[in-house]
Amino acid sequence: MYHRAYGIIETLAPLHVGASAGEETGNLNLIFRDQFTQTGIIPGSSIRGRFRADMRLRRQQHLEASLKAAGVDLPAATARKVSSPEDPKKRLPRLEWLEQEAEKQSISVPELVNENHWYGHHAVTGQEDGGTTEALVKFEYASLVWIPVFCPGQPVVWVSCPRLLRRYKQITGKPEPVLRPKAAADGQPKQYPVKLREHRDRLFFNLGFLDNLAETPDLSNWVPKDSQIQPDNLVVVDDQDISIIHDMALYRQTRTKLEDDVKKVENFFGFEALPEDSILIFPIAVKDSVPHYDRASDASADGSARWKPFKNRTLRELYFGGLESIGCGHCEVTLAGDYFGDTPDDADA
């Protein structure tokens with residue numbers, strides 16, 4: 001059994017999670033896609049890696065503070081590798097050196113900042129079954145809920161489809177039925193649910209238009225709370241149409257590498273990314289061996305640690321995916337759901 005929780009990702013910059021960049025001349029680095037809707041996703045392994053790396057840094061900071069308090073001389077803060085005390089010729093990663101020194105001082109790491117406790121222990125050479133352990137916190141992939149699309153001569157609109165909204169409903173426990181385009185009689189265009197700031201009966205995209213729009217005020221209830229996107233420019237299209245609209249919305253850029261001594265292109269590659277202001281959701285399962293969080297007292301029944309990846313907060317800015325050095329991956333992540341004391345109603349109000 002598991003406690004239920006989920007995370008909302010709102011991109012603050014283009015987000016690329018997919019093929020690595022710049023390894024092949026003329027390569028187009030695509031993002032990972034959902035197999036049914038062909039819309040962008042973030043694999044659960046990428047999400048876990050981000051959370052794990054964040055807690056690993058907190059463990060390192062705990063070890064440094066504890067060793068310093070014990071009177072151990074620490075290497076310079078900029079030293080990423082440190083000589084082994086037993087063999088000066090051997091260079092150890094800083095964290096491994098800290099772990100060895102902490103063991104000598106009988107310094108332990110609290111569960112609260114131990115990524116190996118929550119996300120599973122990595123393989124260790126020489127131990128039975130590699131020394132791996134099962135993760136207490138499990139992540140599934142993040143799927144889109146809304147993606148912004150540029151419409152010529154009109155405001156940017158956020159687009160979704162019934163399949164994406166159904167996954168959002170399954171994860172959050174939202175009680176309302178999923179909104180979907182309705183078939184019209186006599187061969188007329190389908191009615192597409194929309195929430196637009198100004199009443200329109202037609203919405204243009206770069207590659208076509210939608211007719212017979214059906215004003216649906218409740219559509220804004222499908223925008224996660226605290227989101228910064230505009231809840232007055234929304235439209236739901238058919239599942240078979242979301243793929244081409246999604247590809248039209250993607251952020252694309254071609255990049256070049258010049259030769260060192262002359263302004264001559266040595267290599268070039270293109271990449272695509274989810275645009276900023278995209279909304280994604282991913283489910284989280286926390287094993288029930290971890291005590292439930294009591295929101296009123298901020299404590300568990302037996303006093304043991306609970307999963308607190310952002311310390312006492314449920315919102316934090318994180319980087320996901322690749323190409324961080326050229327401005328990609330900046331996201332805002334909000335944690336919610338049963339484990340954090342949210343109910344379906346107040347989570348999506």
Side-chain angles (χ1 to χ4, degrees), residues 8-11 14-15 33-34 36-41 142-252 272-281 344-345 347-349:
I8 298 290
I9 297 176
E10 185 164 353
T11 60
L15 171 65
R33 284 173 162 79
D34 173 80
F36 299 115
T37 62
Q38 293 298 298
T39 54
I41 64 168
S143 60
L144 276 169
V145 183
W146 297 102
I147 184 169
V149 182
F150 170 72
C151 300
Q154 303 168 97
V156 172
V157 296
W158 277 259
V159 180
S160 189
C161 71
R163 189 176 184 90
L164 296 177
L165 293 181
R166 187 166 71 242
R167 189 166 191 263
Y168 177 74
K169 174 185 171 74
Q170 289 172 340
I171 294 171
T172 61
K174 191 173 183 61
E176 290 89 342
V178 172
L179 296 167
R180 60 183 68 245
K182 295 180 181 177
D186 302 328
Q188 295 298 311
K190 291 182 178 178
Q191 282 196 317
Y192 294 90
V194 298
K195 175 76 186 298
L196 298 175
R197 189 178 305 162
E198 297 177 1
H199 177 72
R200 298 171 187 270
D201 56 7
R202 175 175 286 191
L203 191 60
F204 284 93
F205 294 104
N206 278 345
L207 301 177
F209 58 86
L210 295 177
D211 250 341
N212 206 18
L213 306 180
E215 194 66 26
T216 310
D218 293 344
L219 196 54
S220 55
N221 293 336
W222 289 82
V223 174
K225 68 174 184 178
D226 301 329
S227 172
Q228 302 300 312
I229 74 169
Q230 298 175 15
D232 291 337
N233 288 310
L234 308 171
V235 58
V236 177
V237 301
D238 278 323
D239 287 338
Q240 63 265 30
D241 295 331
I242 188 68
S243 173
I244 189 170
I245 295 175
H246 165 272
D247 274 20
M248 193 170 60
L250 289 179
Y251 176 92
R252 291 189 175 87
E272 62 182 22
L274 293 173
E276 64 182 89
D277 287 342
S278 299
I279 303 291
L280 301 98
I281 187 168
D345 286 336
D348 300 306

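Every value quoted in this text rests on a predicted model; they were computed, and no experiment measured them. Because only heavy atoms are used, hydrogens play no part in the values below, and waters and symmetry mates are left out as well, while side chains stay in.
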ask   = For the residue pair Val145 and Trp222, what are the closest heavy atoms and their distance?
value = CG1-O, 4.3 Å
ask   = Is there side-chain contact between Asp239 and Phe36, with heavy atoms separated by less than 4.5 Å?
value = no
inquiry  = Quick check for you: to the nearest 0.5 Å, what is the distance between Leu219 atom CG and Glu176 atom CD?
reply    = 11.5 Å
ask   = Any side-chain heavy atom of Asp277 sitting closer than 4.5 Å to one from Glu10?
value = yes
For the student: nearest non-hydrogen atoms of Arg180 and Arg166, plus distance = NH2-NH1, 4.5 Å
inquiry  = Quick one: does any side-chain atom of Lys195 pair with a main-chain N or O of Leu234 as donor and acceptor, under 3.5 Å?
reply    = no
Residues which pass ring-ring contact (aromatic ring centres under 6.0 Å, His included) with Phe150, listed by chain and number, not counting sequence neighbours = none
request  = Run the numbers on Ile279 and Ile9 for side chain to side chain contact (heavy atoms under 4.5 Å, CB included), then give the verdict.
outcome  = CA-CA 6 Å; Ile279 303 291; Ile9 297 176; over 6 Å; no
ask   = Of the options Ser278, Pro148, Pro275, which is the one that meets Thr11 in a side chain to side chain contact (heavy atoms under 4.5 Å, CB included)?
value = Ser278
Nearest-0.5 Å distance that lies between atom CD1 in Ile245 and atom OG in Ser160 = 10.5 Å
remark   = Applying side chain to side chain contact (heavy atoms under 4.5 Å, CB included) to Gln240 and not counting sequence neighbours gives Lys190, Asp238
query = About how many Å separate CH2 of Trp146 and CG of Leu280, when rounded to the nearest 0.5 Å?
reply = 13.5 Å
ask   = Is the backbone of Ile147 close enough, under 3.5 Å, to the side chain of His246 for a donor and an acceptor to pair up by distance?
value = no
query = Is a side-chain donor or acceptor of Lys182 paired with a backbone partner of Tyr192 at a separation under 3.5 angstrom?
reply = no
Counterpart residues, side chain to side chain donor-acceptor pair (under 3.5 Å), relative to Thr39 (two or more places apart) = Thr37
message = On a heavy-atom basis, which atom in Asp247 and which in Gln38 lie closest, and how many Å separate them?
response = OD1-O, 4.5 Å
query = Within a strict 4.5 Å, meaning less than it, do heavy atoms of the Val237 and Pro181 side chains meet?
reply = no
task = Identify the heavy atoms of Leu165 and Val178 that sit nearest to each other, and give their distance.
result = CB-CG1, 3.9 Å
message = To the nearest 0.5 Å, what is the distance between CG on Asp241 and SG on Cys161?
response = 9.5 Å
ask   = Does Glu215 reach the side chain of Val194, with side-chain heavy atoms less than 4.5 Å apart?
value = yes
key: Rounded distance (nearest 0.5 Å) linking atom CZ of Arg197 with atom CG of Asn233   = 5.0 Å
ask   = Atom OG1 of Thr216 and atom CG of Leu196: how far apart are they, to the nearest 0.5 Å?
value = 9.5 Å
ask   = Which atom names give the shortest non-hydrogen contact between Val149 and Met248, and what distance separates them?
value = CG1-CE, 3.9 Å
task = Would you name the heavy atoms of Thr172 and Tyr168 that are closest together and state the gap between them?
result = OG1-O, 2.8 Å
